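Notes for the one structure printed next.
Quantities reported herein were computed from a predicted structural model and do not represent experimental measurements. Excluded from the calculations below are hydrogen atoms, water molecules and symmetry mates; all remaining heavy atoms, backbone and side chain alike, are included.
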Amino acid sequence: MKTKRLSTIASLLTGCAFLFCLCGLGINPQRVGAEANKVKTTKRSKDEKISQTLSPQQRSTDEPVQIILQLNSAPSGPLKALLRRAGIRVKDEFGEFNSSVVELPSSVIKELSEFEEVEFISLDREVGLLGHVETTTGAAYMRTQSGNSGLKGKDVNIAVLDSGIDKEHHQIGSRIEAQFDFTGEGRLDDPYGHGTHVASLAAGVDHVAHGAYTGVAPEAKVINLRVLNSRGVGAVSNVMRALNWILSPVDPAKPLGEKNYQKYKIRVVNLSLGAPAVDSYKDDPLCLAARRVVNAGLVVVAAAGNDGTDATGRKIYGRIHAPGNEPAVITVGASNSFGTDTRADDRVTTYSSRGPTRSYRIVNGVRYYDHIFKPDLVAPGNKLIAAQSRSNKLIADFPQLECTPSSGSNHKMMRMSGTSMATPLVSGTASLLLQANPKLTPNLVKMILMYTAQPLAGHNMLEQGAGQLNIEGAVRLTRLVRTDLSNATLLGAPLLIVSAPPTPSSSIEGFSFPWAQGIILNHGYATGVTLITRYHRIYDLGVAIGDGVAIGDGVAIGDGVAIGDGVAIGDNVLTSTGVAIGDGYIFFLGSSLASGVAIGDGVAIGDGILFSDGVAIGDGVAIGDGGGVWALSILINGDGSTEMAAVQDDGSIQ
């Protein structure tokens, strides 16, 4: 008893120290409101305005460099004059994000940081790819239940920011609603081969092989926003151009008029891509852009990354990619279904990136890590079969990825692995939930996905988040949520249209499992049935689900602002026993994250990844001349397991 009391006191003291550190940064953990992640009350020095992605050596040369310039107010006359100098070119402006892409000599960066209106300067880095479905996810079973047969994503469209989509492929081409190129290559197809595969996992129709590879939301349309080039890489600015387009007015002359996302009925944004998460989500331009999109009411789903192990196969923690390190987005890791429909044998893949996020910001010379619990959940992502674009580079380089060589060119399928493949399964599910209840906020979608997830035994929260995607449970809970919710709904008001909550378990293909019955917060987790029976302010539009939640000693909190009574808050990282999220055994004390202590089970924790040539390793493809080849086996082979059966289709069987 004495030992337990001492442990509780130690946990309280550590938690208080963590909160004190946050308050010292000018970050109020209880604050809830729109753009809460952008609150900055501590003035940073000019050096602290410059991202660590721009090295001091790099800044001292006159070599041209392309940066993302973020402002906190309108540019002053002197700043405008600087940007008009010879050798400096403003290449693009993102009005929705108060930022721009600027090409300038590296030596000008220090001078730029001296302006008060300059908020942050970061390198315009390259981003790379990270990377049976209906049955194993529970989508097929869900559609057999009363009233669910029509839930296929109709009028809830998905923007796919990727390498393009092959419009001629019979599984996905008919679902393309609109397409735009942001790479500068002036093409809309998919010469690399990643985007077509991703899009078909989310919204592929049943026109190939008798529907063997139908996507999760086959009646959702996709908006093809091409941000990755023919080699599968692109700049952060490409992604920002696409996100800015989503939020921009259809008619630039009518800034208050209809926005592009409204015209094209975009409710979900899929980002099966990522960049090394170096700068804090409070500064990273990609994270800030993603947060703005979520605040507009769109669900943003991002891949966690494929850096779960090092070259020797040893586990590594702390390698979540951007924008997956942003609290407002739904970050997805990859699980392995082992090619079976039953979920009894499912596990997290070895390569799926683990949390906590190790992005950071420097204030008064001190490095403060974000240490956000990520991913939020996992979904099947190992050796998934989906559409193969014609004459793509991936197949040319790795012909073993092709699994239906006898099929016609516009019916061919390929097998790929990675968190890139898991992400569109969650995006497709979000489309289904929003069709079932169009009034859901992004945070309610996120809560429902986590609360109904299947905890995978033997994996901790930093590996699987709340657990594995469960479409059956998510739709069942969604249909019970009130459709009259708004930001005027009072804290503690009933959330459901029924008095009794649904049974917190699902049975898919003969295997029954409990729901997680909890949600992952920024620095901990919350459990309790009132998460789904009562309305909490963290479900509002304009906040991240973890904002305003103070992690204390595991007792219920009711501050009247973020979350109400009846919810237990915990700060320990738990390893699941395969039951509810709070019933595992302690992996380590989550509060120790505040001190930067490495995880103590013999595995390593690393910062966001930087490579010598500034290029990230993406979906297992070595990109650039500095990429390690160790990740190639992830893309080519995935984790060892039985594979989904491949059905040859020359077009005559459908």
Side-chain angles (χ1 to χ4, degrees), residues 129 131-134 137 139 152-153 157-177 179 187-226 228 230 232 270 272-273 379-418 420-425 427-428 431 619 635 638 643-651 653-654:
L129 310 169
H132 128 86
V133 167
E134 272 205 307
T137 59
K152 298 181 180 181
N157 297 341
I158 304 170
V160 177
L161 282 65
D162 216 289
S163 61
I165 303 174
D166 184 355
K167 192 173 179 63
E168 300 304 316
H169 199 287
H170 284 192
Q171 199 201 23
I172 189 62
S174 64
R175 304 316 301 157
I176 299 175
E177 175 72 1
Q179 45 188 348
R187 59 191 303 175
L188 298 166
D189 60 340
D190 185 15
Y192 186 67
H194 190 268
T196 302
H197 193 273
V198 165
S200 69
L201 286 168
V205 297
D206 60 357
H207 291 181
V208 173
H210 293 304
Y213 311 116
T214 303
V216 174
E219 290 187 4
K221 291 187 177 180
V222 295
I223 287 74
N224 173 20
L225 303 181
R226 189 167 180 268
L228 303 176
S230 301
N270 187 91
S272 290
L273 47 79
N382 197 62
K383 299 183 178 179
L384 299 189
I385 296 176
Q388 172 185 319
S389 64
R390 294 164 298 159
S391 304
N392 74 66
K393 178 175 171 54
L394 284 173
I395 291 296
D397 291 346
F398 311 110
Q400 61 268 49
L401 296 178
E402 185 172 65
C403 56
T404 59
S406 300
S407 296
S409 63
N410 52 11
H411 281 233
K412 284 185 182 294
M413 310 296 281
M414 61 191 294
R415 183 180 283 114
M416 292 176 68
S417 300
S420 278
M421 284 62 254
T423 301
L425 302 191
S427 292
S431 176
D619 199 13
L635 177 64
E643 298 175 344
M644 297 170 60
V647 181
Q648 309 300 318
D649 181 1
D650 61 3
I653 66 173
Q654 184 66 38

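- With contacts defined as side-chain heavy-atom distances shorter than 4.5 Å, the pair Asp189/Ser389 does not qualify.
- If you check the side chains of Ser427 and Asn270, you find a donor sitting under 3.5 Å from an acceptor.
- Evaluation of the side-chain hydrogen bond (donor to acceptor under 3.5 Å, both in side chains) rule for Arg175 yields no partner, not counting sequence neighbours.
- Looking at every heavy atom in both residues, Ser230 comes nearest to Arg187 through OG-NH1, 3.9 Å.
- Between Leu228 and Tyr192, every side-chain heavy-atom pair lies at or beyond the 4.5 Å cut-off.
- Of all heavy-atom pairs spanning Glu168 and Arg390, the tightest one is CG-NH2, 3.0 Å.
- In this structure, NE2 on His170 lies 8.0 Å from OG on Ser409, to the nearest 0.5 angstrom.
- A donor-acceptor contact shorter than 3.5 Å links the side chain of Asn392 to the backbone of Leu394.
- Taking OG1 of Thr404 as the start and NZ of Lys412 as the end, the distance is 6.0 Å to the nearest 0.5 Å.
- The shortest non-hydrogen separation linking Ala199 to Ile165 is CB-CD1, 3.7 Å.
- To the nearest 0.5 Å, atoms CG (Leu188) and CG (Leu225) are separated by 10.0 Å.
- At least one side-chain heavy atom of Arg415 sits under 4.5 Å from a side-chain heavy atom of Ile385.
- Scanning both residues, Ser272 and Asp162, for their nearest heavy atoms gives CB-OD2, 3.8 Å.
- Applying side chain to side chain donor-acceptor pair (under 3.5 Å) to Asn224 and the options Gln179, Glu177, Lys167 leaves one that passes, Gln179.
- Residues Ile158 and Gly428 approach most closely at CD1-CA, 4.1 Å, considering heavy atoms.
- For Asp190, the side-chain hydrogen bond (donor to acceptor under 3.5 Å, both in side chains) test picks out Ser163, Thr196, with sequence neighbours left out.
- Once rounded to the nearest 0.5 Å, the distance linking NZ of Lys383 with CE of Met421 reads 14.5 Å.
- Here the side chain of Lys152 pairs no donor or acceptor atom with the backbone of Ala220 at under 3.5 angstrom.
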Would you check, one step at a time, whether the test side-chain contact (heavy atoms from CB on, under 4.5 Å) holds for Leu201 with Leu425? CA-CA 6 Å; Leu201 286 168; Leu425 302 191; 4.1 Å; yes
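- The NE2 atom of His197 sits 9.0 Å away from the CD atom of Gln171 when rounded to the nearest 0.5 Å.
- The shortest non-hydrogen separation linking His169 to Gln388 is CD2-O, 3.1 Å.
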List the steps and the verdict of side-chain contact (heavy atoms from CB on, under 4.5 Å) for Asn157 and Ile223. CA-CA 7 Å; Asn157 297 341; Ile223 287 74; 3.8 Å; yes
